[in-house]
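What follows is a short report on a single structure.
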Amino acid sequence: MTREKPKNLWLSRWGFILAATGSAVGLGNIWKFPYITGEYGGGAFVLMYLACILAIGIPVMMTEIAIGRRGRGSPIDAIGRAVRENGSSPVWKGVGGMAMAAGFLILCFYVVVAGWAFAYTVKMLDGSLAASSVDSLAQVFEAHNANAWQLGGWSVLVALLTLWIVAKGVQQGIESAVRWMMPGLAIMLLILVGYAFTSGGFDQGFAFLFSFDTSKLTGEALLAALGHAFFTLSLASGAILTYGSYIPDGQSIARTTFMVAIADTCVALLAGLAIFPIIFANGMDPTAGPGLIFMSLPLAFQQMPFGTLFGTLFFAMVSIAALTSAISMIEATVAYLNEKHDISRLKAAMGAGAVLLVISLLAMLSFNLMAGWTPFGKNFFDWLDYLTSRWMMPLGGIFIVVFAGYVLRSEIMRDELDLPPLGYALWLFMVRYVCPVLIMMVFLHALGWLGFDPLARWYWIVGAIGALTILGEGLRPRVLPALVGRNA
C-alpha cells in the first residue's frame, strides 16, 4: 500500500518539539506537579515520576507519534489509514474518534480555566487584586466567576485567540505562534525563578521540592506519579497523534519524544522554584491547590518589592501556557474537518469554534446562572472534566497501546519507529505488557475502584504484567489476531 503523502509538515523538528511541549505545559505543570512533588517526598518523588514517564509516558507518546506520522492525518484518518494498510477491522477508527472527542471536550472547559489566567493578568496590573488576606482574594475569585458576562467574556477571548491561530495553518499559525510563545514562556519563567531567589524563602522552596524523603513514597504517591505521567504529555487526547502526523520522514521519533518529556518536566520543576519560595517567604500554605495561584500568590506578590510587575509577568506566563495547550486540543478537530470534508482551515475553525463556544458557555454558566443545576451531584463543568479525565483518556490510552502492540503488524511500527533491535523490543514489551497494566491502574484509581495499595502489594502489579505477557505470547500467534481483527 502506498503511504499517504503529508499535506502539512513542521518546518523543523523544533517546530514539533515546541508545539508538543506547549501542549503538555499547562496549569497542571504550573501548580499541580510542584505541589505533589513536595507532598510526596521531593526528590524521591521526582525519581519515581521520571520512572513513570519512562514506563508509560514515553512509550505511549512514541506510539501516538508513529501512528500519526504513518497515517498522515487527524486521529480518525491516521488510524483509519493504518487500519487499511494492516487489513484490520474499521472499528478501530473509533479509537481516533474517542481521542479527538476527548481533546475537544477538554477544551470546552479548559477555556474557562485559561480565561481565569488571562483575567488575572489584567487584574494584577490594574490593582483589582489588592487585598489584605487570602479570604479577601477568595471573594474576588468568587465574584469574578459569579459575573457571567465577565467570566464568559474572558472564556470567549481565549477561544477566539485559539481559533485564530489554528485557522492560519500548521506552519503559519501553530508553528509560528509556539516559536515565540514557548521561548517567551521559558524566559519569563527564568526571570520569575531569579525573582524568587531574592524572596528570602528560596532555601525552603528548594527543600520542599527536592528533599529526598523516601518515607513519603506511598501507594498514593505512585498513583499520583503514574497519573501525572500519563496526563501531562497530552496523551489520548488527539493532540500528539495529530502533531505527529506533521513530522517529516527521517526524524527520530524516540529522540524527539525524550526531548519533549525532558522539557515538560523541566518547566514543571522551574515553576515550583518560581512559586514556592515566594509562598514560604510570606508564610503561606504550599499545599493550597488551585487556590495557590488565584488566591495565595496574588497576596504574596503584593507584599514584595516590584510585586505588581512580577505578578503580572507570572499570570502572563500562565496565560501563554494555557493558550499553547488550548491550540493542541482543537487542532485534531480542525484537521479532521479540513482533510475529511475538504473545507478550508478557516471554515473548519469557524465550524468547530461555533460548537466550542456553545459548550464552553454552558461550562462557564456552571459557576453562576446554572450553578444550581447539578445532575447526579456534578455541574456541567465538572461532568466534562469527569468524563474526559476519568473515562475517555484512560480508555483511549489502553486502546491505542492494544492497537499498536497487538493489532498492527510488527513491521509497520518497526519501520516507523526506526529503532535498533533492542530498543524496538523494549518498546514493544512496554506497549504490550507494561503500559496496559499501568494505564488500567490510573483508570481504576481515577474512578476510586482500585482496591489495593500498589506499593504495599507491588507483587500484584508484577503478577499482572507477567500474566499478561504469558497470555499475550500464548494467544498472539493464532487466537489473538482473530479477536482483535487483524489478518493472520
Side-chain angles (χ1 to χ4, degrees), residues 1-6 9 13 16 20 53-73 75 77-89 92-93 95-96 99 233 235-236 240-261 397-439 465 468-488:
M1 176 179 174
T2 304
R3 290 185 58 184
E4 188 76 13
K5 293 183 179 180
L9 289 175
R13 181 159 60 102
F16 170 79
I53 283 285
L54 290 172
I56 190 173
I58 287 176
V60 179
M61 190 175 193
M62 287 173 62
T63 301
E64 291 200 18
I65 294 171
I67 293 174
R69 189 167 72 177
R70 190 75 178 188
R72 294 295 186 190
D77 292 330
I79 293 180
R81 287 163 188 154
V83 162
R84 288 196 297 273
E85 180 181 1
N86 197 63
S88 303
S89 169
W92 285 100
K93 290 195 296 184
V95 178
L233 294 176
L235 303 175
I240 300 302
L241 255 168
T242 307
Y243 279 2
S245 71
Y246 306 144
I247 295 180
D249 294 329
Q251 289 190 5
S252 171
I253 290 176
R255 188 181 302 115
T256 303
T257 301
F258 273 93
M259 292 182 72
V260 172
I398 292 171
F399 289 144
I400 200 72
V401 294
V402 169
F403 178 69
Y406 293 103
V407 180
L408 290 180
R409 296 193 305 272
S410 60
E411 57 265 29
I412 292 177
M413 294 301 291
R414 191 190 303 272
D415 175 59
E416 206 59 48
L417 290 171
D418 193 26
L419 294 168
L422 181 60
Y424 177 78
L426 179 60
W427 168 84
L428 189 60
F429 176 76
M430 300 302 292
V431 166
R432 278 184 176 169
Y433 309 121
V434 177
C435 290
V437 172
L438 298 183
I439 298 174
I465 294 171
L468 185 59
T469 303
I470 294 169
L471 183 65
E473 290 301 312
L475 294 179
R476 183 171 51 85
R478 294 189 179 186
V479 181
L480 204 57
L483 293 178
V484 300
R486 189 184 78 189
N487 288 344

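Keep in mind that the numbers below use all heavy atoms, side chains included, and drop hydrogens, waters and symmetry copies.
- Taking each heavy atom of Gly397 and Ala236 in turn, the nearest pair found is N-CB, 3.6 Å.
- Although no hydrogens or angles enter the test, the distance criterion places no donor-acceptor pair under 3.5 Å between the side chain of Tyr243 and the main chain of Phe16.
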Only distances under 3.5 Å count here; give the side-chain donor-acceptor pairs of residues 54-63 to other protein atoms, sequence neighbours excluded, each with its distance to 0.1 Å.
residue: Thr63; atom: OG1; partner: Pro59; partner atom: O; Å: 2.7
residue: Thr63; atom: OG1; partner: Trp427; partner atom: NE1; Å: 3.2

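- In this structure, CZ on Arg13 lies 5.0 Å from OG1 on Thr256, to the nearest 0.5 angstrom.
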task = Output, in order, the C-alpha distance, side-chain angles, deciding distance and verdict of side chain to side chain contact (heavy atoms under 4.5 Å, CB included) for Leu233 and Thr257.
result = CA-CA 10 Å; Leu233 294 176; Thr257 301; over 6 Å; no

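- Two residues are said to be in side-chain contact when any heavy atoms from C-beta on lie closer than 4.5 Å; Leu419 and Leu426 fail this criterion.
- Using a 4.5 Å cut-off on side-chain heavy atoms (C-beta onward), Pro75 and Thr242 make contact.
- Here the straight-line distance linking atom OG of Ser252 with atom CZ of Phe258 works out to 9.5 Å at 0.5 Å rounding.
- Asn86 contributes a side-chain N or O that, together with a main-chain N or O of Arg409, makes up a donor-acceptor pair within less than 3.5 Å.
- Closest heavy-atom contact between Cys435 and Val401: CB-CG1, 4.2 Å.
- Between the side chain of Arg432 and the backbone N or O of Thr469 there is no donor-acceptor pair closer than 3.5 Å.
- The distance from atom CD of Glu85 to atom CD1 of Ile412, rounded to the nearest 0.5 Å, is 4.0 Å.
- Scanning for side chain to side chain contact (heavy atoms under 4.5 Å, CB included) contacts around Ala66 gives Ile253, Met413, Glu416, Leu417, with sequence neighbours left out.
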task = Start with the C-alpha distance between Asp249 and Arg72, add both sets of side-chain angles, then the distance that settles salt bridge (Lys or Arg N to Asp or Glu O under 4.0 Å), and finish with yes or no.
result = CA-CA 11 Å; Asp249 294 329; Arg72 294 295 186 190; 2.9 Å; yes

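- Taking CD1 of Ile240 as the reference point, atom CD1 of Ile400 lies at 12.0 Å (rounded to 0.5 Å).
- Contact check for Phe399 versus Ile439: no side-chain heavy atoms found under the 4.5 Å cut-off.
- How far CD of Gln251 is from CG of Asp418: 12.5 Å, rounded to the nearest 0.5 Å.
- Put simply, the side chain of Ile67 reaches to within 4.5 Å of the side chain of Phe403, judged on heavy atoms.
- The CG atom of Leu438 sits 15.0 Å away from the OH atom of Tyr433 when rounded to the nearest 0.5 Å.
- Contact between Leu468 and Pro436 at its shortest, heavy atoms only, is CD2-CB, 4.0 Å.
- Qualifying side chain to side chain contact (heavy atoms under 4.5 Å, CB included) partners for Arg414, counting only residues two or more places apart in sequence or in other chains: Ser410, Tyr424.
- For Lys93 against Ile79, the heavy-atom pair with the smallest separation is CA-CG2, 4.1 Å.
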